[in-house]
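Every heavy atom of this structure was used, including side-chain atoms; hydrogens, water molecules and symmetry mates were not.
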Amino acid sequence: MTGFVISLWRHPMKSHGREAVQQAAFTPGQTMPGDRIWAVAHEQSKADGSEWVPCANFSRGAKAPQLMAMTCKLLDSGRIILSHPERPDLEFDPTSDTQTFLEWVKPLMPADRAASVRLVRVPGRGMTDADFPSVTLCNMASHRAVEQQLGQDLSIHRWRGNVWFDQVPEWQELDWVGREVQIGEAVFRVIEPTMRCLATTANPETGIRDVDTLGALAHWGHQDFSVQAEVIKGGQLSVGDKVTLL
């Protein structure tokens, strides 16, 4: 089996935007460079940046669907540019301009949800949903299967994945759990499937919940899309690279 990488995506702020890259240098035991560096803690969160904590501690698309329509650009300086169809673009420094960001994002947050109050980061790892530094591997064939089940086109950004590949049979990636896969120069060990939530029901262009993605996945008897993997051998990974199950 050989597939090919068709796109790479990082999410510098957890649940707040996405950014395409053409290549990335992966390191064993670490997340994708630039992915989930920052997370937005809400007023009921226990997150303080001292350690990884579960996603329930953060503002995210499952609770605030408008966040799904955000795009993001991480500058070399560490500053971030956020864009959203309902808000003017914002460029800010997440290390010092927290209040500026919180005021910008407030209109996108539901009034009946815990308000965003601070930015946190854990040095040395991205704040991924998995309790290990994970990289999300996504199969375009499986995405097309969901589209066919729903009878409509879907944006891949509903899944917020890192590495997208094609020319692998649909759902075959779910059988990779416990196996190793080489992508470009890097080697990954697949740990677990990614169980999906309400975030995927929101349109990444509008931030409105408009498709029952979870109901579609139930057709196959699960709520999973993509797999979570850990980097066990570092190296460069680029769009166009081969994907080979070892």
Side-chain angles (χ1 to χ4, degrees), residues 1-12 15 17-27 30-36 61 68-74 83 126 128-130 133-177 179-194 196 199-200 202-205 211 213 216-217 220 224-246:
M1 181 224 75
T2 301
F4 296 90
V5 177
I6 59 170
S7 63
L8 298 169
W9 296 85
R10 64 185 183 185
H11 310 82
S15 298
R18 56 191 180 266
E19 180 181 17
V21 295
Q22 290 301 303
Q23 59 186 18
F26 286 80
T27 301
Q30 295 188 16
T31 49
M32 179 177 182
D35 192 54
R36 278 87 171 183
M68 291 293 289
M70 199 177 299
T71 57
C72 181
K73 184 175 180 60
L74 176 63
S83 300
T128 54
D129 283 358
S134 60
V135 178
T136 309
L137 310 181
C138 305
N139 186 353
M140 272 301 301
S142 301
H143 178 75
R144 288 191 292 268
V146 176
E147 289 182 317
Q148 185 174 8
Q149 176 64 22
L150 288 166
Q152 67 180 85
D153 293 340
L154 294 178
S155 168
I156 64 169
H157 302 308
R158 290 178 185 264
W159 312 112
R160 297 183 64 78
N162 295 131
V163 181
W164 279 89
F165 54 86
D166 207 348
Q167 299 188 31
V168 172
E170 62 188 53
W171 306 119
Q172 189 173 104
E173 69 281 9
L174 299 183
D175 296 330
W176 294 354
V177 173
R179 303 284 299 276
E180 295 177 4
V181 58
Q182 181 165 355
I183 310 178
E185 298 175 347
V187 176
F188 301 83
R189 178 181 292 115
V190 179
I191 304 299
E192 60 190 13
T194 311
R196 294 299 175 165
T200 62
N203 189 313
E205 299 299 322
V211 175
T213 47
L217 291 173
W220 290 280
D224 302 326
F225 185 90
S226 76
V227 290
Q228 300 291 323
E230 63 177 351
V231 184
I232 60 173
K233 177 186 175 184
Q236 191 80 4
L237 195 166
S238 303
V239 172
D241 280 349
K242 290 183 179 180
V243 178
T244 305
L245 185 65
L246 302 179

J.: Are T200 and F225 close enough that some pair of their side-chain heavy atoms sits under 4.5 Å apart?
T.: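 The answer is no, as the side chains (C-beta and beyond) never meet within the 4.5 Å cut-off.
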J.: Please give me the minimum heavy-atom distance between P12 and L74, naming the atom from each residue.
T.: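 Closest approach of P12 to L74: CG-CB, 3.7 Å.
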J.: Applying side chain to side chain contact (heavy atoms under 4.5 Å, CB included) to V239 and Q22, what does each step give before you reach the verdict?
T.: CA-CA 6 Å; V239 172; Q22 290 301 303; 3.9 Å; yes
J.: For the CD atom on Q148, are there more than 12 heavy atoms of other groups (residues, nucleotides or ligands in this structure) within a distance under 6.0 Å?
T.: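 Atom CD in Q148 is not crowded, with 12 or fewer foreign heavy atoms closer than 6.0 Å.
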J.: For the atom pair CD (Q167) and CE (M140), what is the distance rounded to the nearest 0.5 Å?
T.: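 Reported value, rounded in 0.5 Å steps: 11.5 Å.
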J.: Is a donor on one side and an acceptor on the other found under 3.5 Å between the side chain of H157 and the backbone of T71?
T.: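 Flag not set: sc H157 to bb T71 has no pair under 3.5 Å.
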J.: Do the non-hydrogen side-chain atoms of W176 and Q172 ever get within less than 4.5 Å of each other?
T.: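 In short, these two side chains touch, coming nearer than 4.5 Å.
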J.: Looking at W159, is its backbone amide N or carbonyl O close enough to the side chain of R196 to form a donor-acceptor pair, meaning the two atoms are under 3.5 Å apart?
T.: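 It does hold such a pair.
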J.: With no hydrogens and no angle check, just 3.5 Å: does a side-chain donor-acceptor pair link Q182 and T244?
T.: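 No, no side-chain donor-acceptor contact under 3.5 Å.
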J.: Indicate the atoms forming the closest heavy-atom contact of L174 with S226, along with that distance.
T.: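 Nearest heavy atoms, L174 then S226: CD2-O, 3.9 Å.
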J.: Looking at every heavy atom in both Q30 and V231, which two are closest together, and how far apart are they?
T.: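 The answer is O-CG2, 3.6 Å.
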J.: Could you pull out the closest heavy-atom pair between A145 and W220, with the gap in Å?
T.: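 Minimum heavy-atom separation between A145 and W220: O-CH2, 3.4 Å.
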J.: For N162, which of T128, T136, T31, L237 qualifies under side-chain contact (heavy atoms from CB on, under 4.5 Å)?
T.: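 That would be T136; it is the only one of T128, T136, T31, L237 passing the side-chain contact (heavy atoms from CB on, under 4.5 Å) with N162.
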J.: Taking the side chain as everything from C-beta on, heavy atoms only, tell me whether E180 gets closer than 4.5 Å to F188.
T.: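 No, side chains not in contact.
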J.: Could you tell me whether the side chain of E230 and the main chain of R189 form a donor-acceptor pair under 3.5 Å?
T.: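 Between the backbone of R189 and the side chain of E230 there is no qualifying donor-acceptor contact (under 3.5 Å).
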J.: Starting at NE2 of H143, measure out to OG of S155 and round the result to the nearest 0.5 Å.
T.: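 The OG atom of S155 is 7.0 Å from NE2 of H143, to the nearest 0.5 Å.
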J.: Nearest 0.5 Å, what's the CG-CG distance between D35 and L8?
T.: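 Going from the CG atom of D35 to the CG atom of L8 covers 11.0 Å.
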J.: To the nearest 0.5 angstrom, please state how far the CD1 atom of I156 sits from the OG atom of S7.
T.: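 Separation between the atoms: 4.0 Å.
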J.: Any salt bridge (charged side-chain N to carboxylate O under 4.0 Å, His left out) involving residues 160-176? Give me the pairs, sequence neighbours left out, ordered by first then second residue.
T.: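 Only R144-D166 qualify under salt bridge (charged side-chain N to carboxylate O under 4.0 Å, His left out).
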J.: Once you round to the nearest 0.5 Å, how far does OG of S142 lie from CG of L217?
T.: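 S142 atom OG to L217 atom CG measures 9.5 Å (nearest 0.5 Å).
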J.: Taking only residues two or more places apart in sequence, or in another chain, which ones meet R10 in a salt bridge (charged side-chain N to carboxylate O under 4.0 Å, His left out)?
T.: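 Once residues adjacent in sequence are excluded, the partners of R10 under the salt bridge (charged side-chain N to carboxylate O under 4.0 Å, His left out) criterion are E19.
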J.: Restricting to salt bridge (charged side-chain N to carboxylate O under 4.0 Å, His left out), what partner residues turn up for D224, sequence neighbours left out?
T.: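 Residues passing salt bridge (charged side-chain N to carboxylate O under 4.0 Å, His left out) with D224: none at all.
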J.: Mind checking the SG-CH2 spacing from C72 to W9? Nearest 0.5 Å is all I need.
T.: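 So the SG of C72 and the CH2 of W9 are separated by 11.5 Å.
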J.: Determine yes or no for a side-chain-to-main-chain donor-acceptor pair under 3.5 angstrom, with N139 supplying the side chain and P169 the backbone.
T.: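 Yes.
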J.: So, does R158 use its side chain to make a donor-acceptor pair with the main chain of P204 at under 3.5 Å?
T.: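 Not at all, since once roles are kept as given, no pair shorter than 3.5 Å links the two residues.
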J.: Is the closest side-chain heavy-atom distance between T194 and S134 below 4.5 Å?
T.: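 No, their side chains stay 4.5 Å or more apart.
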J.: Flag the pair N203 / V211 as yes when at least one side-chain heavy-atom distance between them is below 4.5 Å, and no otherwise.
T.: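 SC-SC contact between N203 and V211 ruled out.
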J.: Check the pair H11, R18 against side chain to side chain donor-acceptor pair (under 3.5 Å), reporting the backbone distance first and the verdict last.
T.: CA-CA 5 Å; H11 310 82; R18 56 191 180 266; over 6 Å; no
J.: Which atoms form the tightest heavy-atom contact between A25 and P33, and what is the distance?
T.: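 Scanning both residues, the minimum pair turns out to be O-CG, 3.0 Å.
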J.: Are L137 and I183 close enough that some pair of their side-chain heavy atoms sits under 4.5 Å apart?
T.: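 A side-chain contact under 4.5 Å exists here.
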